[in-house]
Amino acid sequence: MADSKRAKRSSIDGDSFQDSKRLKMANGGGNATTDPKYNKYLAHQYEDDQNQNGFQSPLDQFQRHQTTAIQASNAEDSDLNPWTNKPHSQRYFGILKSRRDLPVSKQRQEFLDMYHSTQILVFVGETGSGKTTQVPQYVLYDELPHQTGKLIACTQPRRVAAMSVAQRVANELDVELGEEVGYSIRFENRTGPKTMLKYMTDGQLLREAMHDHEMSRYSTIILDEAHERTLATDILMALLKQIAERRKDLKIIVMSATLDAQKFQTYFFNAPLLAVPGRTFPVEIFYTPEPERDYLEASVRTVLQIHASEPDGDILLFLTGEEEIEDACRRINLEVDDMIRESEVGPLKVYPLYGTLPPAQQQRIFDKAPEPLKKGGRPGRKCIIATNIAETSLTIDGIVYVVDPGFSKQKIYNPRTRVESLLVSPISKASAQQRAGRAGRTRPGKCFRLYTEKAFKKELIEQTYPEILRSNLANTVLELKKLGVEDLVHFDLMDPPAPETMMRALEELNYLACLDDDGELTNLGSLASEFPLDPSLAVMLISSPEFYCSNEMLSITSLLSVPQIWVRPNNARKRADEMKALFAHPDGDHLTLLNAYHAYKGTEQGGGDIKQWCHEHFLSFRHLSSADNVRDQLKRIMETHDIELVSTPFQDKSYYINIRRALLAGFFMQVAMRESSNSKVYKTVKDDQMVMIHPSTVVSSPYDWVVYNEFVLTTKNYVRTVTNIRPEWLLEIAPVYYDVDSFEKGEIKSALTRISEKIRRRQAMKGGQ
DNA sequence: GAGCACTGC
């Protein structure tokens with residue numbers, strides 16, 4: 001059994017296996033199997049005899065960590081691609097010319113000098129400096145990965161960025177994407193044995209580090225967009241700080257927007273700083289003289305004023321969420337129609353933009369601004385009303401006017417109640433600057449801030465709090481343990497989270513048996529960390545074979561890790577609810593999700609038009625197919641670790657009971673009891689919080705005990721996605737947590753006491769027989 | 001009888 005495990009493991013880590021092989025060969029092994037000539041992965045270097053006998057790559061003259069910008073430029077200028085020995089294409093020289101015009105290009109030597117002199121380097125550059133595409137290539141020409149067999153990694157917070165930048169750099173280097181330059185993101189690894197430069201998401205690098213604590217595959221790690229301070233970036237920074245002490249051969253570059261450069265330097269042992277100017281146009285800032293009472297109303301008014309009185313150029317308005325955005329779109333459209341009737345204004349096309357919008361509709365923001373209404377009339381313009389998505393993820397060229405009311409929805413975490421929620425909050429100065437910058441990408445622009453200058457200076461915080469200070473850290477703590485971080489208290493995070501948040505996470509993991517009483521990782525914890533899931537979901541999934549329903553729990557887990565599959569358009573709510581009722585299971589929402597998924601799979605396998613079917617049934621095809629993707633990934637992980645995939649026969653009475661019980665193996669801490677019969681109010685177990693069941697539930701008759709997937713704090717306290725359970729299961733499945741003596745006096749304690757006595761009596765009777 | 005800001009594994 002141990003052997004079969006090992007065999008499976010090596011196939012999964014196939015990548016690194018090949019790398020170590022390559023490394024040996026590059027160092028010149030002796031026998032036939034390690035001789036480069038016999039290595040098919042290096043075949044490209046020996047394609048023709050001329051290369052072997054006569055051709056000298058310019059790189060042969062390079063001394064690692066002693067190269068110069070001129071050397072590299074000459075190599076780039078040569079007819080043959082020094083990395084492939086193939087002739088450079090025409091397109092290559094075209095791109096090369098534009099690369100040399102980038103601001104960063106002038107500082108290549110300065111960069112190399114600094115890179116040679118230090119292990120860690122902080123690099124700041126504004127948008128348009130070219131740092132994301134150029135710096136990794138500068139490193140490539142100095143690291144010479146073909147000699148060392150080690151890779152250069154460049155991390156990005158988002159998948160699309162990793163993919164598109166990798167493609168761009170592959171073009172710039174005149175190589176095929178996935179060969180010398182590749183990318184690695186969840187669900188897609190486009191790297192190969194020849195890959196030297198790898199773009200990846202920060203989360204992906206963190207995953208890799210779990211199995212390679214030294215990050216030994218890499219000679220250089222470049223953290224890009226570090227100022228965004230994602231959870232993964234923060235953990236990587238602290239981790240790299242430790243690794244840098246152990247691995248003096250590892251070089252680290254932290255790239256960020258200009259703000260806060262000092263903080264990064266100080267954090268990284270006073271690392272030297274290189275700053276590169278950006279290439280943007282000036283943006284004039286306007287403030288309101290008095291604070292605005294209703295920012296939505298003020299936003300609409302400002303957009304209309306710009307349209308009526310400013311020269312042509314598109315408008316970008318930042319609002320906080322879907323509802324607000326749709327509302328503003330309606331109001332602006334109405335007003336513009338009036339304006340066009342009354343005065344000589346051009347047409348205005350309004351586009352909403354938020355994350356849950358289908359991609360096709362998101363794409364429409366790139367449509368051209370509308371034509372004048374009549375020949376020679378005033379030019380049309382477009383107005384995009386967006387969430388924060390337009391602040392980081394999406395850049396739209398042609399924006400000249402930005403309207404910034406100064407708010408965004410932000411995740412906050414309350415460790416006392418263990419609830420993450422979204423709250424409309426004032427943005428930070430850094431955010432405000434980022435927003436304003438969106439107006440100056442193609443020509444000088446204007447930014448209208450709907451707050452006073454005094455408010456900007458005095459009331460806005462400098463930086464948005466990093467994610468690590470605003471999240472439940474159960475997952476993070478588990479990851480850190482798996483990453484080999486022994487001492488969490490002294491783990492040197494740039495912004496250490498509140499001790500209470502840390503304690504909560506440790507406590508939660510201890511109840512889940514992922515950490516033992518000494519805070520050490522258990523086998524279950526180690527296994528749970530293999531899954532890209534929250535610990536409770538991972539534990540639920542790992543435990544599911546004990547309940548004879550791991551196939552079903554695999555589906556439910558996947559459905560719970562994607563956005564809601566239920567579609568409920570405003571103009572067809574009733575129809576949507578009727579359709580959802582078709583899948584309803586009387587025992588709750590988890591089972592209803594499963595029913596919908598089974599129907600979806602049945603239709604798909606029956607060869608029906610699955611998109612049409614989803615549309616008719618008000619289900620999101622996008623989210624269901626992404627759940628399917630997640631399911632495949634989780635299934636592979638289960639198979640790798642010999643977690644059985646089993647089902648209770650559908651005809652069996654206990655089919656659904658087993659599933660409901662299995663839910664509790666991970667979610668026993670998320671249980672609520674009804675206050676009293678005829679009441680709609682519930683109380684959460686141990687936290688004693690008053691909650692209601694979210695109105696989206698399919699269950700009509702209220703149950704006494706429910707397990708819930710999430711706690712949402714909106715107009716009221718709601719628990720969402722709930723399923724009916726029996727209290728005796730709690731005592732049986734999670735006896736440690738449901739140690740009745742540990743409960744505070746109250747209804748829940750008395751109820752549990754009654755139940756445990758009943759169980760004891762029943763057992764005594766059985767024993768007496 | 002309500003509503004998912006945005007990422008990521």
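These values consider heavy atoms only, across backbone and side chains, with no hydrogens, waters or symmetry-generated copies. Numbers restart at 1 for each chain; the letters A, B, ... are given by sequence-line order, proteins then strands.
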Interatomic distance where CG belongs to A:Asn629 and C1' belongs to B:dG8 [whole Å]: 15 Å

message: Please check: side-chain N/O of A:Asn717 versus main-chain N/O of A:Met690, any donor-acceptor pairing under 3.5 Å?
response: yes

- line: Closest of B:dC9, B:dT7, B:dG1 to the A:Lys680 side chain is B:dG1

- request: Would you check if there is a donor-acceptor pair between the side chains of A:Thr201 and A:Arg158 at a distance under 3.5 Å?
  value: no

field: d(CG, A:Leu480; C1', B:dC9) in whole Å
entry: 14 Å

- request: For A:Ser408, report the nucleic acid contact type (base, sugar-phosphate, nothing); a contact means any heavy atom under 4.0 Å.
  value: nothing

- request: Select base, sugar-phosphate, or nothing to describe what A:Gln633 touches, counting heavy atoms under 4.0 Å on all strands.
  value: nothing

Nearest-Å distance for atom pair CD1/P, residues A:Ile325 and B:dA5: 8 Å

- request: Kindly point out which of B:dA5, B:dG1, B:dC9 is positioned nearest to the side chain of A:Ile185?
  value: B:dC9

statement: Quick note, A:Arg159 side chain, CB onward, closest among B:dA2, B:dT7, B:dG8 is B:dG8

Step-by-step salt bridge (charged side-chain N to carboxylate O under 4.0 Å, His left out) determination, A:Glu639 to A:Arg636: CA-CA 5 Å; A:Glu639 286 164 350; A:Arg636 276 197 304 276; over 6 Å; no

- prompt: NZ of A:Lys482 versus P of B:dC9: gap in Å, rounded?
  reply: 19 Å

Under 4.0 angstrom between A:Ser696 side-chain N/O and B:dG1 OP1 or OP2: no

query: Counting side-chain heavy atoms from CB outward, which of B:dA2, B:dT7, B:dC4 is closest to A:Arg720?
result: B:dC4

- request: Using atom CD of A:Glu467 as one end and atom P of B:dG8 as the other, report the distance to the nearest whole Å.
  value: 11 Å

- prompt: With a non-hydrogen cut-off below 4.0 angstrom, is A:Arg186 in contact with a base, only sugar-phosphate, or nothing?
  reply: base

- line: A:Arg207 has its side chain closest, among B:dA2, B:dC9, B:dG8, to B:dC9

task: For A:Phe407, enumerate each residue passing the ring pair (Phe, Tyr, Trp, His ring centres under 6.0 Å) test, keeping only those at least two apart in sequence or located in another chain.
output: A:Tyr295

statement: Note on DNA chain B: ranges paired as stems (three or more Watson-Crick/G-U pairs in a row, both atom distances under 3.5 Å) are none

query: Counting any heavy atom closer than 4.0 Å, what does A:Lys411 reach on the DNA or RNA strands: base, sugar-phosphate only, or nothing?
result: base

field: For atom CG of A:Asp234 and atom P of B:dC9, their distance in whole Å
entry: 17 Å

query: Reckon A:Thr230 touches a base, only the sugar-phosphate, or nothing at all at heavy-atom distances under 4.0 Å?
result: nothing

- request: Please work out if A:Leu422 contacts a base, only the sugar-phosphate, or nothing of the nucleic acid, heavy-atom cut-off 4.0 Å.
  value: base

query: Nearest to the side chain of A:Arg568, which nucleotide is it out of B:dT7, B:dG1, B:dC9?
result: B:dG1

message: Just the rounded figure in Å: distance from P of B:dT7 to CD1 of A:Ile389.
response: 5 Å

field: Check: A:Lys481 side chain, A:Cys514 main-chain N or O, donor-acceptor pair, under 3.5 Å
entry: no

query: NA contact type, A:Leu206, heavy-atom cut-off 4.0 Å: base, sugar-phosphate, or nothing?
result: nothing

field: Electrostatic pair A:Arg217:A:Glu208 at N-O distance under 4.0 angstrom
entry: yes

- line: note: A:Leu205, atom CG; B:dT7, atom P; distance rounded to Å ~ 21 Å

query: With A:Tyr183, which of A:Glu188, A:Gln156, A:Lys198, A:Gln204 fulfils side-chain hydrogen bond (donor to acceptor under 3.5 Å, both in side chains)?
result: A:Glu188

Flag if over 12 foreign heavy atoms under 6.0 Å of NZ, A:Lys429: yes

field: Polar side-chain atom of A:Ser471 near backbone of A:Leu473 as donor-acceptor pair, under 3.5 Å
entry: no

- request: Pick base, sugar-phosphate or nothing for A:Tyr718, based on heavy-atom distances below 4.0 Å to the nucleic acid.
  value: sugar-phosphate

message: Measuring to OP1 and OP2 of B:dA2, would you say a side-chain N or O of A:Lys716 lies under 4.0 angstrom away?
response: yes

- prompt: Which part of the nucleic acid, if any, lies within contact of A:Gln410, taking any heavy atom under 4.0 Å across all strands shown: a base, the sugar-phosphate backbone alone, or nothing?
  reply: nothing

